Amino acid sequence: MVNGNHMRYCAPSGTGEEDKLAAAVKQLLGLNRSVAVLYYQNSLMDWSQFSLHHWLEKNHPEWWVVNERGETVCLDGQPLFNHSLPEMRAHWLGTGRRALQTDLFAGVFADRANPLPRSAQPQPGPGQSAANGVLNASGDCVSPPDGRPPFQFTEAAYGAWADGHAQLLRDAQKAAGDGVVVANNNATVGVGGRQFERWCRADFDKATIDEDIAALQQAGAAGTLALVHGGEPCDGAALA
């Protein structure tokens with residue numbers, strides 16, 4: 001996998017990461033034609049180094065997730081794709097399809113395929129800079145002006161996003177054809193692969209090591225490609 005998220009620091013501001021990912025893969029294939037590379041595409045966070053982000057920011061910021069108060073939420077400073085909207089899913093899928101049509105990639109790594117954040121976690125003072133919060137008029141991520149937690153959604157909105165996200169992953173797998181979609185922290189019927197991002201160490205699904213092993217066995221029995229990534233930091237304590 002070529003991870004555009006980690007390449008953002010060497011990319012000029014305002015330029016698309018998609019072309020940089022393709023350039024990196026061409027270099028890899030020049031060294032080893034048998035290497036298989038997955039295209040990186042976050043399925044939750046709209047990372048600002050990608051062309052898709054700049055297009056949405058200019059044309060359809062209303063396609064980002066809003067909370068029950070109508071505020072655009074942000075996670076790690078980034079807005080989130082609202083996959084309850086068919087239009088948003090279509091544009092996300094279009095980005096992946098264009099990457100696959102280059103014949104450089106063996107599939108797509110759908111990062112952050114876990115559920116939409118939902119919590120009542122306290123935030124910094126109203127309007128202060130915050131990694132997780134809402135976008136203000138200047139596009140900065142700040143704590144909500146009323147001081148309330150940002151990630152609060154109606155049941156209907158939360159359910160619609162979850163349904164749309166699952167459909168997105170299934171449609172991505174169809175678009176990949178003989179390739180594979182690896183969904184991070186997510187096992188979805190109809191999707192060819194999944195990753196355990198923090199194996200048995202503060203995993204996003206809060207699973208124990210026994211539960212993770214059982215899930216891995218189930219994935220293997222179902223013919224699902226499974227990637228296991230050690231916890232951070234990775235050590236033997238969780239296996240003791």
Side-chain angles (χ1 to χ4, degrees), residues 4-5 8 16-18 39-99 108-121 123 130-146 148-175 181-191 204-205:
N5 182 28
R8 69 186 185 278
E17 200 72 9
E18 294 87 343
Y39 179 72
Y40 177 91
Q41 192 164 353
N42 202 294
S43 73
L44 174 66
M45 301 166 66
D46 183 15
W47 285 105
S48 58
Q49 70 269 28
F50 284 82
S51 294
L52 177 59
H53 170 87
H54 297 293
W55 187 87
L56 287 171
E57 185 178 44
K58 179 180 179 180
N59 297 284
H60 288 288
E62 73 276 12
W63 291 359
W64 288 329
V65 172
V66 297
N67 60 24
E68 63 183 0
R69 304 186 298 277
E71 299 162 326
T72 301
V73 298
C74 44
L75 180 68
D76 289 343
Q78 310 297 313
L80 310 180
F81 300 117
N82 188 351
H83 292 311
S84 66
L85 302 175
E87 301 89 347
M88 181 66 260
R89 298 199 301 271
H91 278 74
W92 192 97
L93 290 164
T95 298
R97 284 194 183 98
R98 285 190 292 275
V108 174
F109 181 81
D111 200 5
R112 286 291 185 115
N114 35 298
L116 184 67
R118 194 180 197 185
S119 73
Q121 182 176 352
Q123 296 293 300
N132 303 326
V134 299
L135 296 183
N136 64 14
S138 299
D140 299 319
C141 192
V142 300
S143 186
D146 58 8
R148 297 171 63 188
F151 301 114
Q152 294 183 321
F153 309 97
T154 65
E155 291 296 333
Y158 196 79
W161 189 94
D163 291 343
H165 188 228
Q167 186 62 52
L168 174 86
L169 296 174
R170 288 192 292 267
D171 288 344
Q173 182 61 70
K174 291 178 182 177
V181 170
V182 175
N184 196 12
N185 304 310
N186 184 300
T188 299
V189 175
V191 178
F204 286 104
D205 59 8

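We count residues from 1, following the sequence as given. Everything numeric in this text was worked out from a predicted model, so none of it was measured. FYI, side chains are in, hydrogens and waters are out, and symmetry mates aren't considered; it's all heavy atoms of this structure.
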Closest approach of Pro79 to Leu135 (non-hydrogen atoms, all atoms of both residues): CB-CD1, 4.1 Å
Student check: side-chain heavy atoms of Leu116 and Leu44 closer than 4.5 Å: yes
Basic-acidic side-chain contact under 4.0 Å: Glu68, Arg148: yes
Chi angles and distances behind the side chain to side chain contact (heavy atoms under 4.5 Å, CB included) call for Val134, Val142: CA-CA 5 Å; Val134 299; Val142 300; 4.3 Å; yes
Contact summary for Asn186 and Ala113, nearest pair of heavy atoms: ND2-O, 2.7 Å
From CG (Leu56) to CZ (Phe50), nearest 0.5 Å: 13.0 Å
Rounded distance [0.5 Å steps], CG in Leu168 versus CH2 in Trp161: 8.5 Å
Flag side-chain contact, heavy atom, 4.5 Å: Leu75 against Arg112: yes
Pairwise distance CG(Asn185) to CG(Asp111) - rounded to 0.5 angstrom: 8.0 Å
Donor-acceptor contact below 3.5 Å, side chain Gln41 vs main chain Val108: no
Side-chain heavy atoms of Asp146 within contact of Arg69, under 4.5 Å: yes
Any donor-acceptor pair under 3.5 Å from His83 side chain to Ser43 backbone: yes
Nearest atoms (heavy-atom pairs only) where Pro117 meets Tyr158: O-CE1, 4.3 Å
Pairwise distance CD(Glu17) to CG(Leu52) - rounded to 0.5 angstrom: 13.0 Å
Atom of Pro144, atom of Pro149 and distance for their closest heavy-atom approach: CG-C, 4.3 Å
Tyr39 side-chain N/O to Thr95 backbone N/O, donor-acceptor pair under 3.5 Å: no
Set of residues satisfying salt bridge (charged side-chain N to carboxylate O under 4.0 Å, His left out) with respect to Arg89, sequence neighbours excluded: none
Backbone of Gln49 reached by a side-chain donor or acceptor of His53 within 3.5 Å: no
Considering all heavy atoms, the nearest Met45-Asp76 contact: CE-CB, 3.5 Å
Side chain Asn67, main chain Gln152, donor-acceptor under 3.5 Å: no
Whether Trp55 and Trp63 hold their rings parallel, tilted or perpendicular, with breakpoints at 30° and 60°: tilted
Check: His165 and Phe81 side chains under 4.5 Å, non-hydrogen atoms: no
Rounded distance (nearest 0.5 Å) linking atom CG of Asn42 with atom CD of Gln78: 9.0 Å
Distance in Å, Gln167 CD paired with Lys174 NZ, rounded so as to fall on 0.5 Å steps: 6.0 Å
Closest approach of Leu85 to Glu62 (non-hydrogen atoms, all atoms of both residues): CD1-O, 4.0 Å
Expected output: side-chain Gln123 to main-chain Pro150 donor-acceptor under 3.5 Å: no
Test salt bridge (charged side-chain N to carboxylate O under 4.0 Å, His left out) applied to Asp140 - qualifying residues, sequence neighbours left out: none
